Every structure is written in structure tokens, then in C-alpha cells.
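Here's the structure we're looking at; comments come further down.
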Amino acid sequence: MTDLSPASSTTETTVGFDLRRTGNTWQRIKEGIIEGILFVAGISSVVITIGIVVVLLSETIPFFTVPETKTIYTPTVEGAQTLTISKIIAPVGTYVDKGAPVVEFSSPAGSAVLTATASGKILKILGEVGTTVEMNKHLVDISHLVTLRDFFVDTLWAPVFDDPRYGIWSLISGTLTTTLVALFVAIPVGTIIAIWLSEYCYPNVREVLKPSLELLAAVPTVVYGYFALLIVSPVMQWVLGMFGITMGGFNMLSAGLVMGIMIIPYVASLSEDAMRAVPIQMREGSYAMGATRVQTALRVLVPASLSGITSAYILAIARAVGETMIVALAAGQRPNFTLNPTQEAATISAAIVQATLGDLPHDSTAYRAIFAAGLMLMLITLFFNIAGYLIRKRYREAY
Amino acid sequence: MSDVSNDKIVQLRSQIARRKRFDRIFSSIGGFLVVLSLLTLGVLFVNLVIDGWSALTSTYQAKADQSGFGRREIIGKLIQEGSEWKLQLRPLVLTDVDDATLQPLVGKEVGVKGRMARAPESGFDPSSVGPIEGPVENYDLVGTLTRQQMSVIDSQGKTVQTAVYTLKARPILVDVSGIDPSKLNPGQDVSVDPKRALSGGAVVASNIVPLVTKNFFNSFPSRDPEQAGILSAWVGTLLIMLVTMVISVPLGVAAGIYLEEYAPKNKLTALIEVNIANLAGVPSIIWGLLALGLFVYIIGTGRSIQTAGLTLGLLVLPIVIISTREAIRSIPSTIREASIGLGATKWQTVRYHILPYSLPGILTGSIIALSRAIGETAPLVTIGALTFIAFLPPPPVEYKVPEAEWAVYQEALKANPSAPIPEKQWHFQPTEWLKSGFTVLPIQLFQWVSRPQKEFHYNAAAAGVVLLALTLGLNGTAIYLRYRLRRKISW
Amino acid sequence: MGMITDSSTVSSGSAPQLAHPPTPVPRISDPLKAQVESFNFFYANGFQALHGINMPIADNQVTALIGPSGCGKSTLLRSFNRMHDLYSKNRYEGRIILLPENINLIGPELDPIEIRMRVSMVFQKPNPFPKSIYENVAFGLRVRGETNKRYIDERVEKALRGAALWDEVKDNLDKSGFALSGGQQQRLCIARALATDPEILLFDEPTAALDPISTAKIEDLVVELKKTVTIIIVTHNMQQAARIADYTAFMYLGQLVEFDQTNQIFTNPSNPMTEQYLTGRFG
Ligand SMILES: Nc1ncnc2c1ncn2[C@@H]1O[C@H](COP(=O)(O)OP(=O)(O)OP(=O)(O)O)[C@@H](O)[C@H]1O
Ligand SMILES: [Mg+2]
């Protein structure tokens, strides 16, 4: 220990005594500083979490509170070339509901009424009574506030359309479908592998197999995306084709299947840990009754480690819900409100990727929308993560 | 009681046989699934290697630097005849030709007119080829034509015979008056950038760049799949990983030490622990939003290497913290007590006992963190890294002509072809690279997979091989270290 | 019960040295349920835990195994229902004959599952399954593929009565087995072992984790049970062995030092080491 105080030298005099005292004070200060630094590092994870939440909220709140401008176009009238504004029903400054009439037109071919495509305040009307306008031209701006209703009830997500829509359900449906397909693969396969590793495998073989299986979770997800899009998807198209089902190159089925392979280790490894945490007496008790290995596993070990296995499932779900690259590549990036896995559909994460691929103007509602979607995703995974954590903690204390 | 009837035993045995059959079936299913899962990994890797093999191994000739001038370059060997410099062109291949018109010309001297109007490396209009009539100076190229019968596979997959003509052109004259003489080396394969075409196919060169053999690893991404490589991607990955590790390892180890050795058992500590567990489960795309919203727009670090490194550093922080804690926890408290008992302070105990003993565990955790960070794509796509990066970040020290002076020189050259070349100077820019734009391997892979052309998918597979080899290699190292550690340590 | 001394003494080459060579195993006149012959046992790490054991097991009697910790009592007991087969590379040598069929319990041709269905075991620490009381007792029947509800009900009640637990739990059969007290849990485990009608019941220190009252109940139970089943019990409690066992085997360093009728061993041991152990001079 090189930085002990100089007092450790053998020639100790009064001076040496003083040196030791100052050394100790300095030592104490140094210890204090170091502890302070370590504390800051320790607290950093909390700061980061706060950072994430603040960033998400700082864009989500304006998403719901800062109005966006929605553009309304002149209607089309069959047989007419131009329309003449005959009456302005809702002048600038008035509030209109969605579907309310705003401007009335007349034309040689007939009359028409322009209705609001969103509720809000009329900001601008490019023309007055008597003006002649062409069809399908930008005519009215409405200052529209995205409501929770727009977000949670609508089933279309299209933030960069002329008539933007923010229905998160079309993204949740994609997330749900891909996750379900993945669980459909990972839960049976992962659980059987866990039982096999814990009851059938030689311990020294398990030492090798378990980390090797965990490599499945270490493969970069973009590589899995390649695999899903260019290999699994054509194979699945061919397989389903034999049953007369046609499927596009982008589909949630292939993405979900590959995602299932990716989360097998989460299920298998954590479940196996839980099953091996079951006290040896319980396992021997079952064998002593003449049970076979599969009977011991299914009748004793699985019930005994149920909370551990559940938490493994939940963590796998959280992982699948947040997965991005596989779905962005293989399930497509087009929002689609469907639970049909042969369809193309964007998940929440894929929609965020899709939006950031283009040049989203900062401070636009579309930009804020991806943060609102991100917050949604964060809340969903947080729910699963906390549930998994609590269940795992409980089963750790059980024995 | 003791005389068990034979009947009972027979019944027992048949019943056991039935159960054991189910047991064996289950065993086979389980073993099969394990093998199948591992096989998936193998199939994935082999498939990538097969698809990516040609991209990984092929080479091509390209300019030594990217001071590029588009596709209108002329490639050939530079030769010196007296005071004149000439360029010996590569044999030019004519495809899609009218066999009937060209066949009579085979073996004869032919001339090509208007060659300079076309992109030279993509061949030229075969209809401009004809017998020489009048002065040779009227032709842009003069040479001999050869014909070869070749079988090629057409778009329907059928083998068809076709005639391929090759023009071996005479060297063309190159006016090198504006060129730095040090760039003129006879016999060298070069790319000449023509400033102006003169009659008779001669050109005035505005720049001459030597050609080198390039491969997948030292080429930039390109519109041409054959020439696209991962140079900027692996350099980007390397630099970002450097930043990531510099951030996550010290911070994570310090946090781990705090939580294991210093933290009091209170609500705050419990909060930190739950928080770390949750942070480890935050989807990577959310980290991308943090990077976009906080680093790019609020702090203003830009879409740069520092932003990427910082983001990934925070992303893998929980992994480092958790593995540090596990490593520290495996040290028996007797060691701690012994050190404290000898009069060491807390920090001295940590510094001289806890840290050294937990180092292998921390190392393993850092390697796992590194492998996770290498494969991350989504957070970097979110900060807008999906751009075409055909340059490298500036090195910390550079010996070059200052840009402003180079511009002045270019101007002066127009009036005076023998204007003096400005002096090179040393440039110190130790942190410039942090602010540079970047691409990384997974993003390059993502870009290539997203392209519709099949050729780019082969490049994607090749990048996948590199990426997978890196991550599996790192994980394998970590597994091996952990295994060694478990065998070696016997407290 | 007349006693004929067996003249063949056991010696194993690698056997650890005892201060006094093992007393020859007496031949007993009671009908036998099992006979251990020249039995050696090796753990996976190569350690030989048992050396040349020769021992008779009397039918419908209680045989106690005593000896200092680590002498191999559990190892021998667990050999009777092949628990060692659960861990690879454990190795048996010699024979354990099950009578009257005269089959070798540890013979590789015999299925350990079959043995375990005929030789049940109760462990030191009560180990009920995470299931209801009813399902715990029915476990052995269920793994045999028994589905007849009426039959299972019957057997569960009989087993619980046999384990003197019926009156305490008959109204709470759906309650978790964990909800019982330690002594009740142990009796539940005995009921579980009884439900499948075993021929031999093995007890490995069944009362070590229990309070005196629960211990007394289990002891009474063991005496009661020997009417229908052969019992082998490992115990550290000398008084317990004296109270409930008909025969007692004293083991030391993996060898059987002395085997005899219980009153003989406790009142007049023939081997000085047995006496030293019983009087508390080592162990
Ligand atoms: N799995 C094993 N591998 C190797 N040796 C073992 C194993 N289990 C027990 N042993 C050894 O075998 C010997 C006998 O062990 P056993 O458990 O049979 O003793 P015991 O008489 O039951 O002791 P106790 O009264 O403490 O339960 C001991 O020396 C023990 O160390
Ligand atoms: Mg024991």
C-alpha cells in the first residue's frame, strides 16, 4: 500500500507524529472525495432514468398541448373546373368540430360544402366570398390540438400525411402481433429446453450448452432482421403458399418467428435457473416416489418454480415488445391495424425508426408524436419489467 | 405382505415402461430443440458466409484517394515517351454489339469517334467504331479489334452464345502540365481526370491519382455494389466503441463499487437497485429518443461520434454495473475484514483488494457490454446516422495543406499553370473526430438490406459476417473467461 | 431368537483401519426382507463411502442404522431405493437381495423407478411438494397414471390415517402442504410414501428437524407401521433407536462395525468401539 501515511516509517519523531496527523486528515478528505465520486456514479442511473422520462415527457406534453396546423383542401365537384366561394360559414377565429361545414361553393356543375377534417380553430382561409378557386387546392388552415382521443381511439398512425393521424392502436396491434408470434415460439421451446437442461442433461454438458444457447440472444438484432427478411420470409411465403395463402415479403409472421428464436435464451436460461433453485430435497422426494424425469419436472419442479418461470416469460415479453430492428426490417414500417400475422405492419419501435429515417423537422407535431409513441412503449415495457422484477424477487426469497 | 404377487410386478413393469416411453420421447424432443436452436445459429452464420463470401473476398482497382471527380475518369497505365506522357488504356470491352457490322473489322485497325462524350469505363457506343478513313487525328481512339465467342447465362437462366469484342487501343496523349510532377510515375496504374479533351483522343489532365487494389474492408460505401465496402463503418464502430467504453466502464465500475461497498441500506439504495434493473430493460429505441431529444437537440452534440458513443455508453451502463456488483459480491467478506483489520481505510481496501480480485469479473462484464454495443442499431438510426458516409473522421494529427490555401492555389493555377504548390503544415485537432459524422457496421448492414438490389444484400451478408464474428467472438471470450474464473477461484 | 454367528468376516483392501475389526454379522432367525452382501459404494469423485457391508434386514421389523456423522448411514440407506442413480458416476458393488423374489436391488438390469415404487423414502427435512395436502399424498398414484378418483380418494384417506394425520387435515385436504407444521409435514411425507403400498420404508433421520412432541408421534407411528411394512431408519438419537428398533447396526468409517438385536447392542455390545460410541466417548 503505497499511499499510507508517512507515519509508517520507523524513524518516528514529533515531526513524524505531525506528519501522521496531517496525513490522516488528508486521508479522510481523500476518502470523502472518493466516496462522493462513487456516490455520484451510483446515483447516475437514477439521473439517466430521470433524463429519459423528462425527454419523453418534454415532447409528449407539447404533443398534446401545442396545436398543429391542419390543412384543408378544396373539394372536388364532378364536371366542374373551378369553384367559386359562395359563403364562408365558419370565418377565421371560430371553432369548428370535425365534419362541420366551413365554406360553401358554387359552380356551374353544382354546389359543394367544405367540411372540417379536424376539430379546432379556423386559422386562415385563402380566399373570400366570390373568389374562384381550383379544386384540390390548399384553402383552409385549422389549428388542431391532438387529443387523447386522437391518440387512443383512432386506428391509423400517419403523422406525416397531409391529414395527419396519430392512432397509436395501429402500432400497438403490430407490437402485439409480433410479440405473440414470438412468444408462441419461445415459450414452448424455451420451457422444454429449460426442463431438458435441468433434468436430462449431464451437468458438464449443460455448462457448455447453456452459454452457447445464450449466444442466440447476443446476435445483433439487425443480423436477425436480415435473416428474417431475406431467408425466413421467402421460406414462409413458400410454406404458406402450399396452403394457398399468399403473403407479402414484409410480414409480421417472419419477424415474430425470428424474434421468438432471439428470446428463447431469456425463457430457457432464466427458467432453468429458477428450476435449479428448487431445493434438492423436493426433487429427490419426487424421484423417491418413483416419478420419471418428465414427471418430476412437470409435476414438481415447474409448480415449485412457477414464479421464477413466470418472471422469465415476462422479461421475454418485455424484450419482444421493445425489439426494433427485426420488425423494422422484416415486418415492414407501414402502420396497419390488424392482428393478422401474414400482414405487413409497423410496431411502435419500427414506426419510430421509420419516422427518424426521414428528415423530421424538429418542433413539428410529427416529431413530437414519436416521443409520445416512445413514452407508450416505455410504459408498456416498464410494466413488464417491474412485474418481472418483483416476481423474481419474491421467488428468490421463497427458499 | 412380503410375498408380492407376480401379477402385481408385471403390471408395475408395463406401467413403468409406458411412463418411460413418454420420458424418452420428451428427452428426444428437448434434445432436438436444443440442437435445433444451436443449429439456427449455425445456419445463420453459414448462410451469411455463403452469401457474403464474394463480397468479402473480391478485390477491385480503385483510386488511392477519394479526391474523386465522378465517373468520367480514364483508367490505364502511365507511360513516358521522351517528354510526352501517355496513357495505355485497358482493353475496352464492347457489349451489345451488332455482330454483322463489326465482324469484318476484326484484326484490322479501327478508330473510335466521340469517345470522350461517354463514360469511359462503361464502354462506348459500338456504332462509333469504324475503319480508319483519313487522318488518324480525327479519331479519339485507334486500335485493333478482337472478337471472342462466349457463353453467358441470360435473364431466363438459359446459356446463350454471344460475341464479345475487345478494343486494344493505342496509348493516348496526356497533357500533364497542371499536375504535380511527383504524381507522375511511369508504369503506374492511374486514374486520369480529364479536364478537357483534345483532338485525337488526347486529354488535358486536371488530376492523376494512382490506382490501388481495394477490397471490402478498405472501401467506402458506394452506389456500385461491387465497390462498396465497410471502411467508414468499421472505423466508426471502432471509434464509437472507444467512447462507449471510456464512458461506461469507469462510471459502471464506480457505481458498482458504491452500491456494494459504500451504499447504506436505505430507501435510496433500494430505489437505485430497482432502477438499474429497469434501466437494463429499457428498449434500445428509447435510448435513441433520449439521444435525439437530449443530445442532438438540447445539448447540441450533433449527429456525431460523441453522441453515438455517449448514447451507447449509457445503454450498456447497467450491464457493467450489474457485472461489477456480481464480481464484488463473490469476494468473501473475510478478505474485506482482514484488510480493514490491518488498518486499511475503506478506499484502500477497495483499491488494493476488492478491485484487483473483481477485475476478471468486471472485464467479462465489459466485454459483454462491448458486444451488446457493437450490435446496437436502433439508437443510432434514431439520431440520424443513416446517411451515406464516404469519409473517415479527421485524425487527431494531420500533415496537410490548409484548405484555404489549397483553394487559393487552385485559383492561381488557372492563370499560371506553374504556380507554386503551397506548403503542408501540421494540424493538431485531437477532439475533431468526436464531432465527425459516422456510420457503423450494423447501420451499414441495415442500409444494404433495405436496398432492393440483390447485390447489396450480398454486401449486407458480408457485413453481417463481420458483425456476427465480432459479437460471437467477444461473447465466446467472455464465456471462456467466466469459465476459467469459476475453475480458478477457490476462496 | 437363536443366534448363529456368521463365520465369514468381511475385509476390503482399501478399507480404512478400524481400532477394532468389525464384529461378525450374526445370522438372524427372523424371516428376512432383504440381505446386504459384500456391498461397496463409490461416489462420483471416487470416494469409497461403504466398505464390504453384510447385513440382514428382517421382514416387518425396524432396523436402525447408527454411527457418527459421515460414517455412511445415509449412503447405505439411499442405496436401498437407488437414489444414488440420480447422479451419474456413482457406483455400487456387491448385492442387496430383495426377498422373497431373490432379486438384486442394485442390479443394473433392474429399473430404479421400479425399486423406488417398492421401496419408499422419508427424508430428514420434511419435503412436501408445492401442492395441496391431497395432491401430495396422491402424487405416487398419479405418477403411476392412476386416474380413478374414487380409488385415489380411498388410498389418500388410508395413507393419511396410516400416518396418523387424517383427523388433523381431513377438512383441509385442499390446503397447501406448506401450510402444515413441521411435524405434520413430516407425517404428510410418510403418508405420501405409504399411499403406494411400499414393501420397505426408509427413514433418514425423520425426526432430526422436529420438536419432542412431533418426534414422539413419529416414533409411535414407526412402531405402528412395522405391522405392515419393513422399516430401515437412520438416527442420531440413541434413545430413539433403543425405543423403536428391533435390530441395530453400528457403522463407522463406512464399515459395519456391529449388527445385532437392539437390546443386545445396547446392553452388551460385543465390539469395544460400539460400547465407546454408545457411552458417548466419540462420535
Ligand atoms: N455426493 C457425495 N460425493 C462424495 N462424497 C460424499 C457424497 N455424499 C457423502 N459423501 C461422503 O460419504 C461419507 C458418508 O456420507 P453419509 O452422508 O452417508 O454420512 P452419514 O452417516 O449419513 O452422516 P450424517 O449423520 O452426518 O448424515 C461422508 O464421508 C461424506 O463426506
Ligand atoms: Mg445422513
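Below, chain A is the first sequence line, B the second, and so on; all start at residue 1. Since the structure is predicted, the reported quantities are computational estimates derived from the model, not experimental observations.
Heavy-atom distances place no part of B/Ile368 under 4.5 Å from chain A, backbone and side chain included. Both the backbone and the side chain of A/Ile386 come within less than 4.5 Å of a heavy atom of chain B. The contact between A/Tyr224 and chain B is made entirely by side chain atoms (from C-beta outward), counting heavy-atom distances below 4.5 Å. Only the side chain of B/Thr471 comes within contact range of chain A, with heavy atoms under 4.5 Å apart. In this structure, the portions of B/Leu251 lying under 4.5 Å from any heavy atom of chain A include both its backbone and its side chain. Only the side chain of A/Met325 comes within less than 4.5 Å of a heavy atom of chain B; its backbone N, CA, C and O stay farther away. Of the atoms belonging to A/Leu360, it is backbone heavy atoms, and not side-chain ones, that fall under 4.5 Å from chain B. Residue B/Leu36 does not touch chain A at all, counting heavy-atom pairs closer than 4.5 Å. Residue contact with chain B, scored on non-hydrogen atoms closer than 4.5 Å, involves the backbone and the side chain of A/Phe39 alike. Contact of A/Glu59 with chain B is not made at all, since no heavy-atom distance falls under 4.5 Å. Interface remark: B/Ala263 contributes no atoms to any contact with chain A (heavy atom separation under 4.5 Å). Looking at B/Ile286, only its side chain comes within 4.5 Å of chain A, counting heavy atoms on both sides. B/Val350 does not touch chain A: none of its heavy atoms, backbone or side chain, sits under 4.5 Å away. If you measure heavy-atom distances from B/Leu44 to chain A, the contacts under 4.5 Å come from both the backbone and the side chain. Only the side chain of A/Gln333 comes within contact range of chain B, with at least one heavy atom under 4.5 Å from a heavy atom of that chain. Residue B/Leu289 touches chain A through both its backbone and its side chain, counting heavy-atom pairs closer than 4.5 Å. Proximity to chain B (any heavy atom under 4.5 Å) is shown, for A/Ala318, by neither the backbone nor the side chain. With a 4.5 angstrom heavy-atom cutoff, B/Trp448 does not touch chain A via any of its atoms.
Shown here for A/Ala218 and B/Asn475, the closest heavy-atom pair between the two residues is CB-ND2, 3.3 Å. Nearest heavy-atom pair across B/Val381 and A/Thr356 is O-OG1, 4.1 Å.
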Next item on the list: Evaluate side-chain contact (heavy atoms from CB on, under 4.5 Å) for B/Asp51 paired with A/Tyr226, printing each intermediate quantity in order.
Entry: CA-CA 12 Å; B/Asp51 276 356; A/Tyr226 171 95; 3.1 Å; yes

Next item on the list: Let me see the working for B/Leu48 and A/Phe227 under side-chain contact (heavy atoms from CB on, under 4.5 Å), right down to the final yes or no.
Entry: CA-CA 9 Å; B/Leu48 286 176; A/Phe227 190 54; over 6 Å; no

Notebook entry, point to check: Passes side-chain contact (heavy atoms from CB on, under 4.5 Å), A/Asn385 versus B/Val282? Steps please.
Noted result: CA-CA 9 Å; A/Asn385 277 322; B/Val282 169; 5.9 Å; no

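Residues meeting the side chain to side chain contact (heavy atoms under 4.5 Å, CB included) test with B/Ala255, sequence neighbours left out: A/Ala41, B/Ile321. With sequence neighbours left out, the salt bridge (Lys or Arg N to Asp or Glu O under 4.0 Å) criterion links B/Arg19 to no other residue. Looking at residues two or more places apart in sequence or on another chain, you find a salt bridge (Lys or Arg N to Asp or Glu O under 4.0 Å) between A/Glu199 and A/Arg283.
Within the model, atoms NZ of B/Lys20 and CZ of A/Arg293 stand 8.0 Å from one another, a figure rounded to the nearest 0.5 Å. Here the straight-line distance linking atom CG of A/Leu213 with atom OG of B/Ser37 works out to 5.5 Å at 0.5 Å rounding. Separating the OG atom in B/Ser450 from the CG atom in A/Leu229 is a distance of 8.5 Å, to the nearest 0.5 Å. Here A/Thr221 contributes atom OG1 and B/Glu376 contributes atom CD; the two are 6.0 Å apart, rounded to the nearest 0.5 Å. To the nearest 0.5 Å, atoms CG (A/Leu230) and NZ (B/Lys454) are separated by 6.0 Å. In this structure, CD1 on A/Ile261 lies 5.0 Å from OG1 on B/Thr40, to the nearest 0.5 angstrom.
Side-chain atoms of A/Gln27 and B/Gln348, non-hydrogen and from C-beta on, do get closer than 4.5 Å to each other. Inter-residue side-chain proximity for B/Leu33 and A/Trp196 is flagged as unmet; no heavy-atom pair is nearer than 4.5 Å. With a 4.5 Å cut-off on side-chain heavy atoms, B/Tyr297 and A/Asp363 do not count as touching. B/Asn278 places none of its side-chain heavy atoms less than 4.5 Å from the side chain of A/Tyr389. Under the 4.5 Å side-chain criterion, counting only non-hydrogen atoms from C-beta, B/Ile285 is in contact with A/Leu377. Residues B/Thr377 and A/Pro220 are not in side-chain contact: their nearest non-hydrogen atoms beyond the backbone lie 4.5 Å or more apart. Inter-residue side-chain proximity for A/Ser212 and B/Leu38 is flagged as met; some heavy-atom pair is nearer than 4.5 Å. The side-chain heavy atoms of B/Tyr258 and A/Ile37, taken from C-beta on, include no pair separated by under 4.5 Å.
Ranked by heavy-atom pairs shorter than 4.5 Å toward chain A, the options B/Leu259, B/Val296, B/Val274, B/Leu317 are led by B/Val274. Of all the listed residues (A/Ile264, A/Val219, A/Ile34, A/Thr381), the one sharing the greatest number of non-hydrogen pairs under 4.5 Å with chain B is A/Ile34. With chain A as the partner, the residue from B/Leu468, B/Leu441, B/Thr345 showing the most heavy-atom pairs under 4.5 Å is B/Thr345. Interface summary for chain B: among A/Val353, A/Leu209, A/Leu215, the most heavy-atom pairs under 4.5 angstrom belong to A/Leu215. Per-residue counts of heavy-atom pairs under 4.5 Å with chain A were compared for B/Ile276, B/Val43, B/Ile29, B/Leu292; the largest is that of B/Leu292. With chain B as the partner, the residue from A/Gln295, A/Glu31, A/Glu207, A/Met378 showing the most heavy-atom pairs under 4.5 Å is A/Glu31.
Looking at B/Trp347, its side chain never comes within 3.5 Å of a backbone N or O of A/Glu35 through a donor-acceptor pair. Side-chain N or O atoms of B/Asp23 include none that pairs as donor or acceptor with a backbone N or O of A/Thr292 at under 3.5 Å.
When A/Val55, A/Leu56, A/Val53 are each tested for a side chain to side chain contact (heavy atoms under 4.5 Å, CB included) with B/Leu290, only one passes: A/Val55.
Contacts between residues 42-52 of chain A and chain B, defined by a heavy-atom separation under 4.5 Å, are made by A/Gly42, A/Ile43, A/Ser44, A/Ser45, A/Val46, A/Ile48, A/Thr49, A/Gly51, A/Ile52.
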